[in-house]
Amino acid sequence: MLPCENRLIKKKDFTAIYSSGHSFSFKNVIIKVKNNNLKVTRVGIAIGLKFSKKAVKRNKIKRQLREIFRKRIKQIKIGKDIIVMVKKIKAEEFIFSEIEKSVQKVLKEGNLMK
RNA sequence: AAGGUAAAUUGAGUAGUCGCUCCAGUUUUUGGAGAGGAAAGUCCGGACAUUCAGCCUAAUCUUAAUUGGCAAGGGUAGCGGGUAACUCCCGUCUAGAGUAAUCUAAGAGGUGCGAGCAGAGACGCUUCCUUCAGAAAUGAAGAAGCACCCUUUUGGGGUGAGCUCUAAUAGUAAUAUUAGAGGUGAAACGGCAAAAUCCUUACCUGAAUGCAAGGUCGUGUUCUAUUUUUGAAUAAAAUAUAGAAAGUGCCGCGCGAGGUUUUAAGUAAUUAAAACCCAAGAUAAAUGACUACUCACGACAAAAUCCGGCUUAUAGAUUUACCUUGAUA
RNA sequence: GCGGCCAUAGUUUAGUGGUAAAACACGGGUUUGUGGUACCUGGGUCUCGGGUUCGAUUCCCGGUGGCCGCC
């Protein structure tokens, strides 16, 4: 789990990023980014019913994404708001290492790494 | 040994590193706790909260509120019991399925069950009608009284089972068994009731909405209306009250119809007593990742007010009781 | 989370236990030199699985998919 200051919580922030954020994607992972005028990076995760109808699967991918960003939070450029979304995934690709790789690629594409 | 029936338990484990939620301490890292048998579907029933509550009667007065009754609405439907309550559970009767263990059932009465004819009376008979076969005539199918015997032909008679009533015995009761009587003897015996009730009967019951119920504190933003003051000409500022929009803190929120063990009552569901125990409480919402070892190589699936049921999903493992068949003694 | 509703032809709707209906659309045919119009005609697993019933789109139970409301 991420520390409190690195979480993206408020509804306003989400709608702002959805409307005017830059988006990048690789395979099944999509990212939306916007500058905030703070000294921290904030990450929000959006997993809808469309990903899977089962709560277990949705919870699991949320946890895995959080773990990925927790490891990398200090490597990401400061002062960004990020939303992460995931499309439907086949059972074979539903593995931690696979998701980690694709997230890594997306972050490079968006030029977010230090 | 094989096959079957009924039920119960479990739902990978151990060690380490980093990280999350809550609690306690302490003052900057220390200790403890952290998803399920279905947490699910939301199909029922409660607890709890808010709002509403017709008529009569008695209690000094008042009230839905205490007593007794009615109306309206809702529920239940073999019989008996359990429970806070239930469409649940237990026991039992009847009917049906099975060699059996056992399983299934919403199982009161009336009205009703396509149209017409005969008939006292039709859901059944016949005809129309529908479907199938056929070139057609026509035949078959469209729920439902039986078996046997005698006589003999479009019929007549007898016996049994079945039906109704009465009595005795057993049982709290539904009911069962035995005995007797009655008419019927084929067209009136009997079937369907899941329409979850149009009417009746008996019994039970305030109703509606649901924790996004509801309560409370403060902050600050925007808009609208009103009042007062300043001010002056339609504008600005301040104060107070009310409403709306957006966002948010706290309570509700987990010690409870609670668990575990023992004893007692009961065929059982369950109840009573004693001892011990405290076991998630989040709010963009906590359980993940990595490493090592073991095996059966891990199914279905994750709390969101709480509890009792029902229903549906579920890999594998373990246990108990019973039944049938076969073998041996 | 709590509560409610719906599913019938390609689309929009009827259908209160007894042969699945209408409009538009679509396919085929006739008329026409061709097209339109007009006329004739065709196509349903009544969302899926059980149950009650002689008989179910309709009644009951369960699943699947979709939609809506709530400080």
Side-chain angles (χ1 to χ4, degrees):
Chain A
M1 193 63 196
L2 296 160
C4 265
E5 54 178 15
N6 291 331
R7 293 186 204 170
L8 192 61
I9 290 173
K10 293 194 176 181
K11 201 177 179 182
K12 266 188 189 172
D13 299 334
F14 269 84
T15 47
I17 295 166
Y18 276 127
S19 58
S20 65
H22 300 282
S23 65
F24 310 96
S25 68
F26 178 81
K27 275 192 178 176
N28 298 315
V29 183
I30 306 167
I31 277 184
K32 284 217 165 199
V33 187
K34 198 192 177 187
N35 290 327
N36 61 351
N37 298 321
L38 304 171
K39 290 189 177 178
V40 287
T41 50
R42 293 189 298 178
V43 180
I45 297 167
I47 307 287
L49 273 176
K50 280 187 183 177
F51 174 75
S52 170
K53 285 234 155 188
K54 292 174 182 177
V56 173
K57 283 192 178 177
R58 274 182 275 132
N59 282 344
K60 185 152 193 180
I61 198 146
K62 274 193 219 166
R63 287 194 212 112
Q64 292 181 340
L65 285 173
R66 280 190 205 121
E67 175 64 21
I68 291 164
F69 277 92
R70 188 182 68 78
K71 281 185 179 175
R72 268 148 247 263
I73 199 85
K74 288 180 182 174
Q75 302 170 20
I76 295 171
K77 287 180 182 173
I78 290 171
K80 301 274 184 185
D81 281 351
I82 305 174
I83 295 180
V84 187
M85 291 173 282
V86 180
K87 280 185 190 173
K88 241 187 181 178
I89 288 183
K90 288 177 190 172
E92 307 113 46
E93 298 172 8
F94 195 70
I95 308 168
F96 182 77
S97 55
E98 288 286 315
I99 298 164
E100 195 172 22
K101 277 182 193 172
S102 48
V103 169
Q104 185 77 25
K105 283 208 170 187
V106 171
L107 288 174
K108 276 189 182 174
E109 199 176 312
N111 198 21
L112 293 166
M113 304 298 284
K114 275 182 184 174

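Any value given below was found using the heavy atoms of this structure, including those in side chains, with hydrogens, waters and symmetry copies removed. Chain identifiers are assigned alphabetically (A, B, ...) following the order of the sequence lines, protein sequences preceding nucleic acid strands; residue numbering begins at 1 within each chain. Predicted model only: the values in this text are computed from it and were never measured.
- For R70(A) and U21(B), the CZ to P distance is 12 Å, given to the nearest whole Å.
- When Watson-Crick and G-U wobble pairs are counted only if both distances are under 3.5 Å, A161(B) pairs with no nucleotide at all.
- A35(B) adopts a syn glycosidic conformation, its chi angle falling within 90° of 0.
- At a threshold of 4.0 Å, the pair D81(A)-R42(A) counts as salt-bridged, since one of the basic side-chain nitrogens sits closer than that to a carboxylate oxygen.
- Of the inter-residue distances, the one linking K71(A) atom NZ with E100(A) atom CD reads 5.0 Å to the nearest 0.5 angstrom.
- Across the strands present, A194(B) finds no partner; the criterion is a Watson-Crick or G-U wobble pair with both atom distances under 3.5 angstrom.
- Shown here, G43(C) is classed anti by the O4'-C1'-N9-C4 or O4'-C1'-N1-C2 angle, which is more than 90° from 0.
- Distance noted for atom P between U178(B) and A194(B): 34 Å (whole Å).
- Using atom C1' as the reference point in both G247(B) and U221(B), the two lie 9 Å apart (nearest Å).
- With distances taken from any side-chain atom of R66(A) to the nucleotides G288(B), A302(B), A286(B), the minimum falls on A286(B).
- A212(B) and G249(B) have their P atoms separated by 14 Å, with the value rounded to a whole Å.
- If you check A242(B) for Watson-Crick or wobble pairing at under 3.5 angstrom, you find it paired to U224(B).
- G254(B) adopts a syn glycosidic conformation, its chi angle falling within 90° of 0.
- With rounding to whole Å, K62(A) atom NZ is found 12 Å from A302(B) atom C1'.
- A distance of about 12 Å separates the P atoms of G1(C) and C211(B), rounded to the whole Å.
- Distance, K57(A) NZ to A313(B) C1': 14 Å, rounded to whole Å.
- Minimum heavy-atom separation, A46(A) to I83(A): CB-CG2, 4.3 Å.
- Across all strands shown, G44(C) remains unpaired; no Watson-Crick or G-U wobble contact has both distances below 3.5 Å.
- Remark: the separation of the P atoms in U9(B) and G36(B) is 16 Å, to the nearest Å.
- The CD1-P distance, from I68(A) to A289(B), rounds to 10 Å in whole Å.
- Across U229(B) and U219(B), the matching P atoms stand 27 Å from one another, rounded to whole Å.
- In this structure, U99(B) makes no Watson-Crick or G-U wobble pair, since no nucleotide meets both defining distances under 3.5 angstrom.
- With its glycosidic angle within 90° of 0, A279(B) is assigned syn.
- Nucleotide A35(B) is matched to nothing when pairs are restricted to Watson-Crick or G-U wobble geometry with both distances under 3.5 angstrom.
- In this structure, the separation between OG on S102(A) and CD1 on I30(A) is 11.5 Å, given to the nearest 0.5 Å.
- Taking atom CD1 of residue I45(A) and atom C1' of nucleotide G288(B), one finds them 12 Å apart after rounding to whole Å.
- Computed from coordinates, the Q64(A) CD to C18(B) P distance equals 21 Å when rounded to whole Å.
- Across all strands shown, the partner of U51(B) is A207(B), judged by Watson-Crick or G-U wobble contacts whose two distances both fall under 3.5 Å.
- When each of A46(A) and A55(A) is assigned the nucleotide of RNA chain B with its nearest heavy atom, A46(A) is the one assigned upstream, toward the 5' end.
- Between A280(B) and G258(B), the distance separating the two C1' atoms is 15 Å to the nearest Å.
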Full working for side chain to side chain contact (heavy atoms under 4.5 Å, CB included) between I99(A) and I61(A): CA-CA 9 Å; I99(A) 298 164; I61(A) 198 146; 4.2 Å; yes

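- As judged by a 4.0 angstrom heavy-atom cut-off over every strand, K71(A) is placed among residues touching the sugar-phosphate backbone only.
- Protein atom NZ of K54(A) is 14 Å distant from nucleotide atom P of A303(B), rounded to whole Å.
- With U287(B), C18(B), A289(B) as the choices, the nucleotide that has an atom nearest any side-chain atom of R63(A) turns out to be U287(B).
- Comparing the C1' positions of A285(B) and A236(B) gives an interatomic distance of 48 Å, to the nearest angstrom.
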Trace of the side chain to side chain contact (heavy atoms under 4.5 Å, CB included) decision for F24(A) with L107(A): CA-CA 8 Å; F24(A) 310 96; L107(A) 288 174; over 6 Å; no

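- In this structure, the CG atom of D81(A) is 16 Å from the P atom of A284(B), given to the nearest Å.
- For G183(B), there is no paired nucleotide, since no Watson-Crick or G-U wobble pair has both relevant distances below 3.5 Å.
- The two residues K62(A) and I45(A) come nearest to each other via the heavy atoms O-CD1, 3.9 Å.
- A residue-by-residue look at N59(A) and G44(A) shows that G44(A) has its nearest nucleotide of RNA chain B further toward the 5' end.
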